[in-house]
2 protein chains.
Amino acid sequence: MAPSDRGPRERMVFSAAQLIRRDGVASTGMREVAAHAAAPRGSLQHYFPGGKEQLVNEAVGWAGRYAGNRVARFLAALPEPTPGGLFAEMVRQWTDEYEAVGFAGGCPVAAATVDCAESTAATREAAAAAFATWAGPVARALADMGVPEERTGALATLMISSLEGAVLIARAERDVRALNTVARELGPLLDAAVSKAD
Amino acid sequence: MAPSDRGPRERMVFSAAQLIRRDGVASTGMREVAAHAAAPRGSLQHYFPGGKEQLVNEAVGWAGRYAGNRVARFLAALPEPTPGGLFAEMVRQWTDEYEAVGFAGGCPVAAATVDCAESTAATREAAAAAFATWAGPVARALADMGVPEERTGALATLMISSLEGAVLIARAERDVRALNTVARELGPLLDAAVSKAD
DNA sequence: CGGCTACTATGACCACTGTCATAGCCGGTG
DNA sequence: CACCGGCTATGACAGTGGTCATAGTAGCCG
């Protein structure tokens with residue numbers, strides 16, 4: 001699932017994201033991150049002199065970039081790209097995971113927002129940046145599909161909002177129902193946004 | 001904002017919800033809850049022999065009931081109830097708060113889900129129950145407005161998902177943009193769901 | 001060889017948490 | 001008055017957290 005043989009630094013960032021996804025920021029310990037990454041504990045203070053805050057911020061940034069990069073893959077997987085199809089793929093990544101390995105993990109950016117939005121300004125900004133680097137490719141993809149420029153941003157926000165909320169509900173219920181619901185209900189609306197002059 | 005003169009027990013549950021909303025479950029201490037509720041620390045073990053878990057679960061339940069009860073108020077505030085109007089009111093509760101007192105707080109149910117879904121089964125179930133007691137009144141309201149029965153549940157889920165996600169993004173960005181966006185984009189879709197035979 | 005840099009290894013510190021044990025208050029009732 | 005239940009008050013405990021200090025290793029350069 002993840003490249004386990006990268007530098008230890010990268011592994012720790014990745015592990016931090018994984019653990020934050022599962023337990024939230026506050027419940028994730030530094031020692032735990034090092035152990036999960038099979039990295040020496042002493043490396044934490046070496047690679048992340050900024051402490052836990054720096055590690056969390058990098059994990060959040062990593063998650064944002066990951067989500068943004070997935071968009072291109074989703075598009076490539078679609079025979080004929082449509083907004084609704086893209087959203088269905090975004091949702092499917094979650095339903096696939098939940099059905100395959102269970103409901104252990106949520107979105108790390110959401111976790112960081114919930115846990116740090118008020119207490120840690122830098123992390124809050126990292127989360128906002130992550131949402132932006134995620135929404136950017138989505139909006140561009142919508143534009144490429146023929147959605148008018150003035151609506152791409154709003155629809156991208158709607159897609160990400162619905163997805164995040166559905167992930168939350170799905171995790172609480174341990175059921176992918178909410179995810180499937182938003183995909184089904186939102187698909188037609190998204191497809192209807194492509195201007196017919198194409 | 002809240003009835004400050006209820007029993008100490010109720011005040012503690014309410015304070016717990018407030019603090020969880022702000023900092024997440026893990027970062028909210030029991031002593032902090034007692035202090036915030038102006039309640040004696042010794043009362044914690046008296047009223048909540050189940051410890052923190054019980055307190056958190058009750059706070060989540062309280063939040064779910066609160067959200068469910070708000071629905072009736074929103075409907076009463078609308079001259080002519082429509083699905084899009086109801087959703088706009090639900091969103092407006094958040095934009096009003098954020099513009100009035102800042103972006104300190106999110107949804108306590110979301111916070112509990114993020115922090116406890118994997119670690120504490122009972123809290124996860126409490127969160128699922130809270131979402132259900134919230135979605136119920138929403139779905140019933142949609143039905144009363146003429147939405148076909150077979151779609152009310154799905155649309156309620158869509159509304160709550162989008163709202164939760166938008167709250168998350170708004171908090172990260174410290175901007176109500178996402179909230180306004182989902183309200184604007186989803187309104188027409190919701191209104192279009194009322195069957196015309198009415 | 002010495003010296004330097006990158007990284008690793010541990011142990012200690014201090015702040016704090018949830019929980020428990022114990023004791024005290026205080027208003028009723030008999 | 002004695003008694004007792006509901007509630008409060010505090011101190012202690014054991015555990016865990018992030019962080020710092022210090023020392024060690026490995027490898028390259030000169």
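Here is how names work: the chains are called A, B, and so on, in the same order as the sequence lines, proteins then strands, and each is numbered from 1.
For the pair A:T95 (side chain) and A:R92 (backbone), a donor-acceptor distance under 3.5 Å is present. In terms of modelled atom types and a separation under 3.5 Å, the side chain of B:D115 and the main chain of A:G24 share no donor-acceptor contact.
Screening residues 116-142 of chain B for side chain to side chain donor-acceptor pair (under 3.5 Å) gives B:N57-B:T123 as the qualifying pairs, with residues at least two apart or on separate chains.
Within residues 46-62 of chain B, the residues that place at least one heavy atom under 4.0 Å from DNA chain C are, in residue-number order, B:G51, B:K52. Within residues 104-124 of chain A, no residue is approached by DNA chain C to less than 4.0 Å at the level of any non-hydrogen atom.
Looking at A:R21 and A:E97, a side-chain N of the basic residue comes within less than 4.0 Å of a carboxylate O on the acidic one, giving a salt bridge. A salt bridge links A:R9 to A:E58: at least one charged side-chain nitrogen sits closer than 4.0 Å to a carboxylate oxygen.
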With a 3.5 Å cut-off and sequence neighbours excluded, list the donor-acceptor pairs that the side chains of residues 61-69 of chain A form with protein atoms.
| residue | atom | partner | partner atom | Å |
| --- | --- | --- | --- | --- |
| A:Y66 | OH | A:R70 | NH1 | 3.4 |
| A:Y66 | OH | A:Q93 | NE2 | 3.0 |
| A:N69 | ND2 | A:R65 | O | 3.2 |

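In terms of the ring-ring contact (aromatic ring centres under 6.0 Å, His included) criterion, residue partners of A:F103 (sequence neighbours excluded) are, by chain and number, A:Y98.
Counting heavy atoms of neighbouring residues, nucleotides and ligands inside a 6.0 Å radius, atom CD of A:E99 exceeds 12 of them.
Between B:L19 atom CG and C:dG18 atom P the separation is 11 Å, expressed in whole Å. The CG atom of A:D23 sits 11 Å away from the P atom of D:dG17 (whole-angstrom rounding). Regarding B:M12, its CE atom lies at a distance of 10 Å from the C1' atom of D:dC7, rounded to whole Å. One atom, CG of B:L44, and another, P of C:dC20, lie 12 Å apart when rounded to the nearest Å.
Within the 4.0 angstrom heavy-atom criterion, only backbone atoms of the sugar-phosphate kind lie near B:T28; the bases stay farther away.
Taken together through direct or relayed side-chain contacts under 4.5 Å among Ile, Leu, Val, Met, Phe, Trp and Tyr, A:W94 and A:F131 form part of one hydrophobic cluster.
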With side chain to side chain contact (heavy atoms under 4.5 Å, CB included) as the test, would you mind laying out the steps for A:L86 and A:M90 before giving the verdict? CA-CA 6 Å; A:L86 170 60; A:M90 291 167 65; 4.1 Å; yes
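Where B:G42 and A:M30 meet DNA chain D, the nucleotide closest to each residue was compared, and B:G42 sits on the side nearer the 5' end.
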Got a list of protein N/O to nucleotides 11-16 of chain C N/O distances below 3.5 Å?
| residue | atom | partner | partner atom | Å |
| --- | --- | --- | --- | --- |
| C:dG11 | N7 | A:R41 | NH2 | 3.0 |
| C:dG11 | O6 | A:R41 | NH1 | 3.4 |
| C:dG11 | O6 | A:R41 | NH2 | 3.1 |
| C:dA12 | N6 | A:R31 | NH2 | 3.4 |

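Of the inter-residue distances, the one linking B:C107 atom SG with B:L163 atom CG reads 8.0 Å to the nearest 0.5 angstrom.
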